[in-house]
Structure formats: C-alpha cells, structure tokens
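One-based numbering along the sequence shown. Fair warning: this is a prediction, and the values are worked out from it, not measured in the lab. Counting starts at 1 for both ligands and their atoms, in listed order.
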Amino acid sequence: MDLGRIRTLEALPEEEAAGRIQAERDRFGKNLCVLAHLYQRKKITELADFVGDSYGLSKSAASFDGGKYIVFCGVRFMAESAAILARPEQVVLHPDPEAGCPMADMASLDEVRRSWNSLSRLSGTTVPVTYMNSTADIKAFCGERGGTICTSSNASKTFEWAFQQGKRIFFLPDEHLGRNTALKYGIDPEEIVVWDPEKTDGGEPESYEEAKVILWRGYCPVHQKFTVRDVEHVRRFYPKAQIIVHPEVPAEIVQIADAVGSTDYIRKYVAKTKPGDQIFIGTEINLVQNLASQYPDRLIQKLHRSLCLTMYQITMGRLLYTLENLETLERVVVPEEVRHFSRVALDRMLSLTAV
Ligand code: 13P
Ligand code: SF4
C-alpha cells in the first residue's frame, strides 16, 4: 500500500472522494460488491451495495452471485469471514489490513488450544462456540471440534442448538455476549463461569465441572465502557427515554436497559419508534450518529460516547485507493486448512439460523 497516495486521497473533500468512488463503482459494475458494517462512517454506508451487521453481511457475502471483487469496509475478522464464504474466483479486499478487532485478538489459537486441553478432563461433552468476532483460526478450531459460530443476532439460537444436545458450551471470546445470552436462555448464574487464560487452570478450577457455560475472559473495549451510572443518568434527566444496548455490554447494564439486541436489532428498533420519542443507545457512536441523522424528528442520543477506532480506520480515502488498485492490491487470504474448518463452522451457523 502506498501510504503517501492514501494520505493524498484522504485529504480530498468528502464529496469529491464520493464522486470518484462512485466512478470506480460504475467502471466495475456488477464485478464489484462493496460491503459495509453499520459502524462505518455514514458516507461509506451510503456508497456500499450492502450495509448490515456482521450476520447480515456474512449472509450477503455467502449469497452474492455476481462480482469478482468484494471490498469489505469493516474490521479484519469480517473481511476474513467474507473470504471464507467467497467462491474461488472471487477476491476479497480490505481497505486497511491493519484494522483488526481488539476483542478478536484476545483469544489466540495457542491459548485456546491449551485451555481446551485442560477442559477435556471434564465429564460430559463440551462444545466450542465462537463469536463471529474472532480470528479465522479460532473459527476453524470450533468447526473442527463439532462447534459453531454465532453473531450477536443469532447467539440464542446457537445456545439452544448446543443445549438441546445436552452439551456444555465453551464460549469465545466475549465474556459479556456469552453471559447475556446464557442468562436470556434461563441458565442459572451459578452455572455460568469464567475461564481466564492468564490464570492457572482458568482461575476457577472447582467450578467448571458443574458449569453449563464457560466464558472466555474477553471483552469489547468499546462496549465495556458503558456503566450503570450512564443508565441512571439518563433515567434521571430523561424519564421518558427508552434505553437500548448491544449485548456486548456487561450484564448489569443489560438488566436495567429497556431492550437489548444486535446492531441490526437496534436499527430496526429505532425504525419502529415514533416522532418525538427519546432513545438512548449503548453501542458504537457511528451507528448512533447515523441513526440520529436518519430520524431527525426524534431524540436519538448516545448512552456514552464510545468509538471503535479500528472500524474508523476505514476512510473514504482508503476505500478510493482500494478501488483504484483492485487488480494489484494484496487480497485477504485465509490458508486452505483454516478456511476448510472455519467454513464448516460458518455453514453450521448459517444453517442453524436460516430464516
Ligand atoms: P454485530 O454482530 O451486531 O454486527 O456486532 C459486530 C461488532 O463488532 C459489535 O461490536
Ligand atoms: Fe471489535 Fe468492539 Fe470494534 Fe466491534 S466495536 S469491532 S467488537 S472492538
């Protein structure tokens, strides 16, 4: 990547960059598909072919039948998932290969393997389930061991699938999504325990045998920031407001919010509110701002300002640079042995939750 050129493109006025991005899109026509996560800058979402949460985008990537080039505006694990689901003749490009997800990086394959080996001493069967926000090798790890993947919009269905088979879940890497999903499913809090890879034997060796869900100690720095005080503050000054949060926030906040759901759930929730309504949202700031500008006739506010810095690394300039260099830029490549089993896990997820 030519960083000097990227900087020049990043300095362009937004409308000029948008015009040039559109010109590139016209040049490639059906050969190009731009996917954008809902946390992307507004202008990028306006220029994309598909905009959605990580579940919706993985379905779009799996079913997209035209197009040689898929450009993924989001973080690395999302672009990797698109590469896993793409057909052999398709290529996936990520406008900033350095834009990873800090939570996904909290579970390395070595640590997970070591932990899994320790857990293999437990009686009964344990199934590994990873959140989509994980690296491709963790997805493959789960696929190879009969496990699956979930996103924040289908986590409940995945838990149901595992529990119907009478299995204990080893959930990676987001402690909060795992706990919130287990609690929603009605699991006794005593049977939900944490595995801390930095502690000897996970830190709570006496509790794993009876556990129904073992949670990897990982978190999203963006969603971890929300606090009970944020909610209390809104309740005090905006008593009529509805508070909605993403399931990556800690459970004590979910318990006092009015609604909880994935990025797409939040989008649909807001779409159903009425003019004059007051809605405070506990999730990434770009989504909140995009919804606020889409519905100027209601008060849509952040619960607390929290920006995903790596999502924000995808700029209009980088998108334009990627489109101008589609044929020559480095592709997102997932090695075949990793691709195979991560595809197994992704297909299992898509079939479990097909609607
Ligand atoms: P969604 O599954 O809601 O798209 O969330 C992805 C994400 O990165 C949230 O932090
Ligand atoms: Fe990762 Fe959190 Fe950013 Fe989502 S918001 S990409 S989980 S760091």
Side-chain angles (χ1 to χ4, degrees), residues 35-41 44-45 48 50-61 72-82 94-107 129-136 138-139 148-158 171-178 180-181 184 216-226 244-250 253-254 257 259-270 281-291 302-314 346 349-350 353:
L35 302 176
H37 190 268
L38 282 153
Y39 292 176
Q40 290 291 299
R41 294 154 200 264
I44 290 183
T45 63
F50 296 104
V51 183
D53 65 358
S54 52
Y55 179 61
L57 291 173
S58 65
K59 280 208 305 188
S60 302
F72 205 115
C73 301
V75 288
R76 192 187 312 119
F77 74 81
M78 296 178 178
E80 270 180 357
S81 301
H94 187 205
D96 187 352
E98 301 282 304
C101 162
M103 172 160 70
D105 294 336
M106 287 178 196
V129 175
T130 187
Y131 188 19
M132 186 69 123
N133 303 26
S134 55
T135 58
I138 297 298
K139 291 186 176 77
T148 188
I149 296 170
C150 72
T151 71
S152 56
S153 58
N154 62 22
S156 298
K157 284 193 182 168
T158 313
F171 190 78
L172 302 149
D174 185 11
E175 175 185 338
H176 301 302
L177 176 68
N180 289 327
T181 310
K184 186 171 158 204
W216 189 262
R217 173 145 275 166
Y219 62 90
C220 162
V222 176
H223 289 90
Q224 173 105 334
K225 279 202 188 125
F226 297 99
I244 175 163
V245 296
H246 191 279
E248 284 174 20
V249 306
I253 297 148
V254 168
V260 55
S262 71
T263 303
D264 198 48
Y265 175 91
I266 294 173
R267 188 178 62 80
K268 288 181 180 143
Y269 182 100
V270 172
I281 307 178
T283 195
E284 208 275 341
I285 190 71
N286 275 290
L287 177 65
V288 182
Q289 284 172 346
N290 291 346
L291 288 169
K302 60 195 178 300
L303 191 54
H304 181 115
R305 185 183 160 79
S306 200
L307 170 75
C308 179
L309 287 169
T310 49
M311 282 277 185
Y312 207 60
Q313 275 173 231
I314 311 297
L346 272 169
M349 172 189 91
L350 291 167
T353 56

Quick test: of every protein heavy atom, which one is nearest to [atom], and how far off is it to 0.1 Å?
{"atom": "atom 6 (C) of ligand 1", "answer": "His37 NE2, 3.7 Å"}
{"atom": "atom 7 (S) of ligand 2", "answer": "Asn133 ND2, 3.2 Å"}
{"atom": "atom 7 (C) of ligand 1", "answer": "Asn133 ND2, 3.5 Å"}
{"atom": "atom 3 (Fe) of ligand 2", "answer": "Cys308 SG, 2.4 Å"}
{"atom": "atom 8 (S) of ligand 2", "answer": "Pro102 CD, 3.4 Å"}

Kindly give the heavy-atom pair with the smallest separation between [X] and [Y], and that separation in Å.
{"X": "Pro247", "Y": "Asn180", "answer": "O-ND2, 2.8 Å"}
{"X": "Met132", "Y": "Ser81", "answer": "SD-OG, 3.8 Å"}
{"X": "Thr151", "Y": "Met349", "answer": "CG2-SD, 4.1 Å"}
{"X": "Gln40", "Y": "Thr45", "answer": "O-CG2, 3.8 Å"}
{"X": "Thr130", "Y": "Pro173", "answer": "OG1-CD, 4.0 Å"}

* Tell me, please: is Met103 in heavy-atom contact with ligand 2, that is, under 4.0 Å? => yes
* Is the shortest distance from a heavy atom of Glu248 to ligand 2 less than 4.0 Å? -> yes
* Structure fact -> Under 4.0 Å from one or more heavy atoms of Tyr39, ligand 2 contributes atoms 5 (S)
* To do: Verify the distance test for Cys220 against atom 2 (Fe) of ligand 2: any N/O/S atom under 2.8 Å, yes or no.
  => yes
* Mind checking whether His246 and His223 have parallel, tilted or perpendicular rings, split at 30° and 60°? -> tilted
* Return yes when at least one N/O/S atom of Cys101 is nearer than 2.8 Å to atom 3 (Fe) of ligand 2, and no when none is. => no
With heavy atoms of [X] as the reference, note each atom of ligand 1 found under 4.0 Å away.
{"X": "His223", "answer": "10 (O)"}
{"X": "Thr263", "answer": "1 (P), 3 (O), 4 (O), 5 (O)"}
{"X": "Ser152", "answer": "1 (P), 2 (O), 3 (O)"}
{"X": "Glu248", "answer": "7 (C), 9 (C), 10 (O)"}

* Asked: What do you reckon, does Glu284 put a non-hydrogen atom under 4.0 Å from ligand 1?
  -> no
* Return yes when Tyr39 approaches ligand 1 closer than 4.0 angstrom through a heavy atom, no otherwise. => yes
* Structure fact -> Partner of Pro221 under side-chain contact (heavy atoms from CB on, under 4.5 Å), picked from Ser306, Cys101, Pro102, Cys308, is Pro102
* Quick one: are Phe171 and Cys150 in side-chain contact, heavy atoms under 4.5 Å? -> yes
* Apply salt bridge (Lys or Arg N to Asp or Glu O under 4.0 Å) to Lys268 and list each qualifying residue two or more places apart in sequence or on a separate chain. => Asp264
* To do: For the residue pair Tyr39 and Thr283, confirm or rule out a side-chain donor-acceptor distance under 3.5 Å.
  => yes
